[in-house]
Amino acid sequence: MSQTTDIKNHLLIVDDEPRLTRSFKTLFESKGYCVQTASNGFDAIELFKEQPSKVVISDIQMEKMNGIQLMHELNQIDPCIQIIFLTGYSSIQNAAEALKQKNAFEYLSKPVKNMDTLYSITKQAQQKYDIEKDLLRQKKENIKGFTIFKNIFDSMEAIVYVADMQTYDLVYANKKFLKTFNDSHPVPEGQKCWQVIAKNQTGPCLHCTNSRLVQKNGEPGEPYEWEFFNTTSNHWYSIVDKAIEWYDKRIVRLETALDITEKKENETLFRNFEKAIDTSKKLESISTLAGGVAHDFNNSLSMVIGNINLAQLSCNDSETQKYLLHAEKGIMQAKGISSKLISFAKGGAPVKVKVNIESLIQKIIKEHLKDEKINHRIACEPIPADFYADANQLKNAFENIIVNAIESIEDNGHIDVAVSYRESSLKNPQILISITDTGCGISKEHLDMIFNPYFTTKPMGNKKSTGLGLSIAWSIIVRHGGLIHVESSPGQGTTVHISLPVFKQNGSDNMTGTEDLIEEKKTQPLSGKTPVKVLVMDDDELILDVISQLLTRLGYETFATSNGNQAADICRAAKEKGENIQLALLDFEIHNGPGGFPTMEQLKKIDPDIQGLLITGHSVNMNIQEYKKYGFSNMIEKPFSIKQLNQKIKAISVNTQN
């Protein structure tokens with residue numbers, strides 16, 4: 001039996017006195033509740049699994065399984081469940097102890113003399129369930145967002161750890177910390193920071209900075225910088241401590257320690273030390289990365305742009321259409337924000353398609369130089385081999401470099417771009433790109449810091465002061481297996497050299513990677529003249545609804561489902577009727593059920609001819625070969641417009657016909 005998900009007014013009453021359960025059932029049903037009853041704990045558990053509820057009213061003294069044992073079993077199924085105990089005099093102590101340990105919501109003595117009191121307590125318990133469920137969901141989302149910080153911290157050469165400011169428990173330690181203090185082994189749960197970092201310590205360190213990091217009102221204060229010689233590692237460290245709010249809302253200490261032992265021993269290394277300190281100071285800026293990469297952000301944008309497209313299809317007023325078009329462009333700009341942050345955070349593995357480098361750079365320069373008094377020239381040698389890359393990511397990288405070049409030119413100037421192809425017997429062929437500007441140039445002291453995140457010499461608050469552009473460019477080029485380096489002198493301009501390897505792309509030679517080329521091909525329906533049957537799966541009800549409506553408006557016959565098991569049932573039923581579903585649009589990530597990959601594998605077993613389009617809110621660790629391995633023909637990244645969705649479906653149609 002499938003589990004019912006609407007538990008708003010469901011109530012489970014457990015008592016071995018039949019008259020009491022019958023009377024309670026009648027009374028609560030008169031108040032609008034849907035009541036189930038059980039005479040023992042084992043039956044109650046089975047009923048709860050079939051139909052969950054927010055609140056369970058249970059006796060304590062029962063045979064086979066008492067109320068306390070039942071409470072612990074139900075907590076394993078749903079940790080937010082609220083238990084109200086009905087107890088006689090002899091079990092009041094047990095009920096009070098359960099309440100004291102926050103395992104139960106409330107207890108009432110038998111017999112219940114005032115049902116209004118029980119009604120009120122039940123309603124309060126339902127409200128508490130909703131609050132705890134929301135907090136649990138928020139915690140899961142915050143933990144997901146923390147992944148970006150963990151990846152960044154683990155890639156740093158600095159020691160980074162987080163400790164609870166009340167208990168001193170270590171909450172997080174990066175790879176450098178573990179290698180230095182714990183021989184690369186994970187820190188045992190509950191270990192205190194002073195137990196791991198210090199020698200022969202029996203309590204918190206005398207030099208602990210906790211009191212310096214929090215304001216009088218309990219809010220995080222300014223960062224505190226200091227130097228310290230650690231007797232465990234026998235190294236000097238430059239340390240930056242900062243109180244921050246952790247993803248579970250508690251205040252913790254974030255400590256970053258940079259090894260300055262060589263600086264202490266040799267002052268000639270002073271400049272390197274200053275550069276490391278600069279890296280430490282940027283940690284506070286790194287916290288701003290969390291906002292744009294959440295999966296839910298792209299989901300929300302999908303819902304908004306879908307409704308904008310539906311409004312566009314329903315509205316004939318030209319003025320309103322203009323505003324809706326501007327709104328759609330705004331959503332795509334918002335999508336660009338999350339794409340940039342994902343790119344910087346070593347996320348977003350390249351989804352490689354065939355790319356024309358010259359056309360890509362021409363398009364960027366034309367877009368950004370249309371209002372500038374800057375001349376440009378592009379010299380491109382013939383490139384004999386097909387080049388595969390992530391067109392959107394490369395556009396982002398080149399755009400950041402070219403925009404930097406434009407902004408470095410005060411008045412009239414010019415930008416030269418040279419593209420060449422080089423064969424090599426020792427490695428893959430290379431595409432070499434040089435972007436040269438006649439701007440102000442970069443000083444030697446700043447040259448080796450230009451790829452650091454948030455490093456900028458531009459004024460803060462000005463539209464130019466992004467500080468992330470070259471960091472993103474570097475991350476994208478490296479992820480494509482390439483190299484990037486810069487030559488510059490003050491007043492002499494700057495040249496950015498990029499090399500990108502040309503890899504052979506097995507099984508992908510027919511891909512163009514551009515929407516224009518798709519439109520040039522003559523598209524055919526996936527099968528016959530009847531409307532194409534499309535199965536859509538997404539666990540977000542609003543997104544599922546808007547995609548279904550968009551597909552219906554495009555002339556497709558749509559079947560909607562929120563999980564993989566239902567998707568398989570729909571596909572199986574359609575095949576048995578001889579009305580096969582031709583295309584499945586499956587969300588990559590489904591909560592509480594199989595996601596896009598396992599669902600597509602199951603659908604292929606039912607109907608080997610079904611085509612798949614993968615929907616994803618992010619492209620982390622995903623490439624063409626990987627999703628094709630699971631039976632998908634293509635993928636589309638949220639948020640997407642109705643035009644982009646239709647083009648993806650037509651592309652699958654073209655590839656199927658070919």
Side-chain angles (χ1 to χ4, degrees), residues 298 302 305-306 309 328 332 335 339 348-356 359-360 363 386-395 505-538 547-548 550-558 580-588 596-597 600 603-604 607-619 622-658:
N298 280 336
S302 296
I305 195 172
N309 290 155
E328 181 180 350
M332 288 308 177
K335 178 183 179 180
S339 296
V351 179
K352 295 182 178 180
V353 294
K354 194 184 296 182
V355 175
N356 185 314
S359 297
L360 186 64
K363 184 177 180 181
D386 291 336
F387 175 63
Y388 290 89
D390 190 310
N392 289 328
Q393 287 192 11
L394 279 191
K395 179 179 182 295
Q505 190 79 0
N506 295 329
S508 300
D509 293 337
N510 64 336
M511 298 191 64
T512 65
T514 62
E515 294 173 349
D516 293 338
L517 290 180
I518 290 172
E519 291 185 346
E520 289 176 5
K521 295 187 177 183
K522 182 178 179 182
T523 60
Q524 301 286 340
L526 284 166
S527 71
K529 296 181 180 180
T530 59
V532 174
K533 294 179 175 61
V534 180
L535 173 65
V536 185
M537 181 182 76
D538 198 300
I547 294 177
S548 299
L550 289 173
L551 289 168
T552 301
R553 291 296 189 94
L554 290 171
Y556 300 102
E557 183 178 349
T558 307
N580 294 26
I581 292 173
Q582 291 102 321
L583 179 63
L585 274 66
L586 308 179
D587 191 23
F588 172 70
F597 282 176
M600 192 64 205
L603 297 183
K604 280 288 189 181
D607 184 356
D609 294 328
I610 192 170
Q611 301 296 310
L613 177 61
L614 181 67
I615 304 174
T616 175
H618 50 79
S619 58
M622 203 177 303
N623 52 48
I624 289 174
Q625 294 86 350
E626 186 172 357
Y627 66 69
K628 282 195 169 184
K629 181 175 67 176
Y630 293 91
F632 287 96
S633 301
N634 211 327
M635 67 170 283
I636 187 167
E637 191 168 352
K638 298 176 185 176
F640 48 80
S641 67
I642 186 173
K643 179 180 178 182
Q644 292 169 332
L645 177 60
N646 198 27
Q647 287 173 335
K648 286 287 185 179
I649 295 175
K650 286 182 177 180
I652 293 175
S653 173
V654 169
N655 290 335
T656 303
Q657 296 297 320
N658 291 340

Aromatic plane relationship, Phe597 with Tyr630 - under 30° parallel, 30 to 60° tilted, over 60° perpendicular: parallel

To the nearest 0.5 Å, how far apart are [atom1] in [X] and [atom2] in [Y]?
{"X": "Leu585", "Y": "Leu550", "atom1": "CG", "atom2": "CG", "result": "11.0 Å"}
{"X": "Ser548", "Y": "Arg553", "atom1": "OG", "atom2": "CZ", "result": "13.0 Å"}
{"X": "Leu535", "Y": "Ile581", "atom1": "CG", "atom2": "CD1", "result": "5.0 Å"}
{"X": "Phe588", "Y": "Met537", "atom1": "CZ", "atom2": "CE", "result": "10.5 Å"}

Measuring only between side-chain heavy atoms, which start at C-beta, is [X] closer than 4.5 Å to [Y]?
{"X": "Val355", "Y": "Leu360", "result": "yes"}
{"X": "Leu551", "Y": "Val536", "result": "yes"}
{"X": "Leu614", "Y": "Asn634", "result": "no"}
{"X": "Asp390", "Y": "Val353", "result": "no"}
{"X": "Leu586", "Y": "Phe632", "result": "yes"}
{"X": "Ile610", "Y": "Leu583", "result": "no"}
{"X": "Asn309", "Y": "Leu645", "result": "no"}

Intermediate values then yes/no, side chain to side chain contact (heavy atoms under 4.5 Å, CB included), Ile649 and Tyr556: CA-CA 11 Å; Ile649 295 175; Tyr556 300 102; 3.3 Å; yes

Under 3.5 Å, is there a donor-acceptor pair between the side chain of [X] and the main chain of [Y]?
{"X": "Lys604", "Y": "Pro608", "result": "yes"}
{"X": "Gln582", "Y": "Lys533", "result": "yes"}
{"X": "Lys648", "Y": "Met635", "result": "yes"}

Gln611/Ser633 under side chain to side chain donor-acceptor pair (under 3.5 Å): CA gap, chis, key distance, verdict: CA-CA 6 Å; Gln611 301 296 310; Ser633 301; 2.7 Å; yes

Working for side chain to side chain contact (heavy atoms under 4.5 Å, CB included), residues Asn580 and Asp609: CA-CA 9 Å; Asn580 294 26; Asp609 294 328; 5.6 Å; no

Quick check: closest heavy atoms across [X] and [Y], and the distance to 0.1 Å?
{"X": "Pro531", "Y": "Gly555", "result": "CB-O, 3.7 Å"}
{"X": "Met600", "Y": "Ala584", "result": "SD-CB, 4.5 Å"}
{"X": "Phe640", "Y": "Glu637", "result": "CD2-O, 3.8 Å"}
{"X": "Leu394", "Y": "Ala389", "result": "CD1-CB, 3.5 Å"}

Identified side-chain contact (heavy atoms from CB on, under 4.5 Å) counterpart of Lys638 within the set Ile305, Ile547, Asp538: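 Testing Lys638 for a side-chain contact (heavy atoms from CB on, under 4.5 Å) against Ile305, Ile547, Asp538 leaves exactly one candidate, Asp538.
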
Salt-bridge criterion met for Asp386 and Lys354 (N-O under 4.0 Å):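 Yes, charged N to carboxylate O under 4.0 Å.
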
